[in-house]
Amino acid sequence: MPPAPNHPSAYAAFTGSYRHPDGFSVEVKQEGDKLLISEGGDFMELVHVGNQRFEALGLSTPLSFKRDASGQVRWLVSYWIEEDLFEKQAPEASATSAH
């Protein structure tokens, strides 16, 4: 069983680039015991607010992460009007994608 989503030891699984089907990308990284997100500008700290959700000052919606059947983090979920899925990109794809 993976560590709880609000524990810094679990954050490495969440890092990477996530792309929405409309082409919009966000980047998630870990610095020390903090999980950070960027929509193309400055990074903002994601704060665990319960029920596997995170919020960041500057974001208009809470977020969560979703795992595939094998337990790997595969999606970032944005809860705007309904759930919007951002699919995690392979490391080589995230290095070359525009943000």
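Quick note: numbers below take in every heavy atom, side chains included, and nothing from hydrogens, waters or symmetry partners.
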In chain order, what residues pass the side chain to side chain contact (heavy atoms under 4.5 Å, CB included) check against D68, with sequence neighbours excluded?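 If we apply the side chain to side chain contact (heavy atoms under 4.5 Å, CB included) test to D68, skipping adjacent residues, the hits are S70, Q72, R74, W75.
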
Side chain to side chain contact (heavy atoms under 4.5 Å, CB included) partners for V47, two or more places apart: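 With neighbours one apart ignored, the set is E45.
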
Would you give the length of the straight line joining atom [atom1] of [X] to atom [atom2] of [Y], rounded to the nearest 0.5 angstrom?
X   : Y   : atom1 : atom2 : result
T15 : K88 : OG1   : NZ    : 5.5 Å
R19 : S25 : CZ    : OG    : 3.5 Å
L46 : Y11 : CG    : OH    : 8.5 Å

Which other residues belong to the hydrophobic cluster containing L36, where Ile, Leu, Val, Met, Phe, Trp and Tyr are joined when side-chain heavy atoms lie under 4.5 Å apart, directly or via other members?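 L36 clusters with F43.
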
What is the ring orientation for F14 with F65, classed by angle as parallel under 30°, tilted 30 to 60°, or perpendicular over 60°?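 F14 and F65: parallel rings.
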
Out of the candidates L63, V73, V77, only one should pair with Y18 under the side-chain contact (heavy atoms from CB on, under 4.5 Å) rule; please name it.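 Looking at L63, V73, V77, the match for Y18 under the side-chain contact (heavy atoms from CB on, under 4.5 Å) is V73.
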
Keeping the roles fixed (side chain from T61, backbone from Y79), state whether a donor-acceptor pair exists under 3.5 Å.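 A pair under 3.5 Å: yes.
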
Could you tell me whether the side chain of E27 and the main chain of S38 form a donor-acceptor pair under 3.5 Å?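 Checked: no pair found.
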
Can you name the residues that form a side chain to side chain donor-acceptor pair (under 3.5 Å) with K29, not counting sequence neighbours?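 Partners of K29 under the side chain to side chain donor-acceptor pair (under 3.5 Å) test: E31.
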
Do E39 and F24 come close enough that some side-chain heavy atom pair is under 4.5 Å?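 E39 reaches F24 side chain to side chain.
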
